[in-house]
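Everything below concerns the one structure shown next.
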Amino acid sequence: MDPASQDINLNSPNKGLVVDNAETLSDVPVEGAVGNAANPLPPGLTEEEAEELRVELTKVEEEINTLRQVLSAKERHATELKRKLGLSPLTELRQNLTKSWQDVQTSNAYKKTQETLLQAGQKTSAALTTVGTTLSKKLGDMRNSATFKSFEDKVGNLKVRNAPVGQDDYKVVGPKGNGEAVSSPTDSTPTQENPPF
């Protein structure tokens with residue numbers, strides 16, 4: 001048997017085995033063979049039927065082996081064609097992802113989810129608008145309350161004066177002008193023509 005016709009089936013028990021004389025293996029009993037005394041025939045199966053099944057099994061295994069070889073050759077050929085066309089695995093992946101994303105976007109599930117999220121967004125927006133309107137109304141009501149007016153009057157009576165030229169501090173004088181001036185906490189505050197109050 002020449003190396004070209006050697007069994008290349010990776011699942012074969014004879015893989016890599018080179019046999020010069022094929023008849024040397026014919027006398028060796030195979031473990032688990034049908035008709036062997038250790039493994040009797042299944043009930044209702046005659047020796048002739050078992051032999052036919054063994055022959056058919058051998059043919060099917062040979063066809064499988066041939067198909068594996070053909071598939072392997074086709075895959076190599078496809079890889080070579082892709083290399084010549086400049087298609088890299090990254091390019092293929094990018095194309096596959098683009099196609100998959102397009103498929104997802106056209107699916108019914110995606111469209112239904114998109115509609116649901118759009119409706120949820122509209123409802124959330126409406127709810128936030130309602131909350132904003134309610135808060136605005138409550139703040140307006142609070143601003144018109146007697147407590148807020150009293151606080152506003154007290155804050156409005158405070159006066160801020162610029163310090164004399166050369167000093168960077170502001171003095172805050174209370175409503176009665178008791179003479180006690182309060183300095184700014186920082187000495188680096190520049191003199192402003194328009195005070196913050």
Taken to the nearest 0.5 Å, the spacing of T113 OG1 from L118 CG works out to 12.5 Å
Residues passing the salt bridge (Lys or Arg N to Asp or Glu O under 4.0 Å) test with E52, sequence neighbours excluded, are none
With sequence neighbours left out, the residues meeting side-chain contact (heavy atoms from CB on, under 4.5 Å) with S72 are R76
Between the OG1 atom in T91 and the CG atom in L85, the distance rounded to the nearest 0.5 Å is 11.0 Å
The complete set of side-chain hydrogen bond (donor to acceptor under 3.5 Å, both in side chains) pairs with one or both residues in residues 119-133, sequence neighbours excluded, reads none
Across all chains, not counting sequence neighbours, the salt bridge (Lys or Arg N to Asp or Glu O under 4.0 Å) partners of K138 are none
Across all chains, not counting sequence neighbours, the salt bridge (Lys or Arg N to Asp or Glu O under 4.0 Å) partners of K137 are D141
Across all chains, not counting sequence neighbours, the side chain to side chain donor-acceptor pair (under 3.5 Å) partners of S107 are none
Between the CG atom in L57 and the CG atom in L53, the distance rounded to the nearest 0.5 Å is 8.5 Å
So OG1 of T58 and CD of E61: to nearest 0.5 Å the spacing works out to 6.0 Å
- Can we say K59 and E62 salt-bridge, meaning some charged N sits less than 4.0 Å from an Asp/Glu carboxylate O? no
By side-chain contact (heavy atoms from CB on, under 4.5 Å), V104 pairs with (sequence neighbours left out) W101, Y110
The side chain to side chain donor-acceptor pair (under 3.5 Å) partners of D103 (sequence neighbours excluded) come to K99
For E56, does the CD atom sit with more than 12 other heavy atoms under 6.0 Å from it, leaving out its own atoms? no
Taken to the nearest 0.5 Å, the spacing of L87 CG from R94 CZ works out to 11.0 Å
Exercise. Is the shortest distance from a Lys or Arg side-chain nitrogen in E115 or K112 to a carboxylate oxygen in the other one below 4.0 Å?
Worked result: no
Sequence neighbours excluded, the answer for side-chain contact (heavy atoms from CB on, under 4.5 Å) partners of I64 is V60, R68
Applying salt bridge (Lys or Arg N to Asp or Glu O under 4.0 Å) to K82 and not counting sequence neighbours gives E92
Shortest non-hydrogen pair, L41 vs E47, comes out as CD1-OE1, 3.7 Å
Excluding L97, membership of its hydrophobic cluster (Ile, Leu, Val, Met, Phe, Trp, Tyr; side-chain heavy atoms within less than 4.5 Å) reads L93
CD of E51 to CG of L45, rounded to nearest 0.5 Å, is 11.0 Å
With sequence neighbours left out, the residues meeting side-chain contact (heavy atoms from CB on, under 4.5 Å) with T79 are none
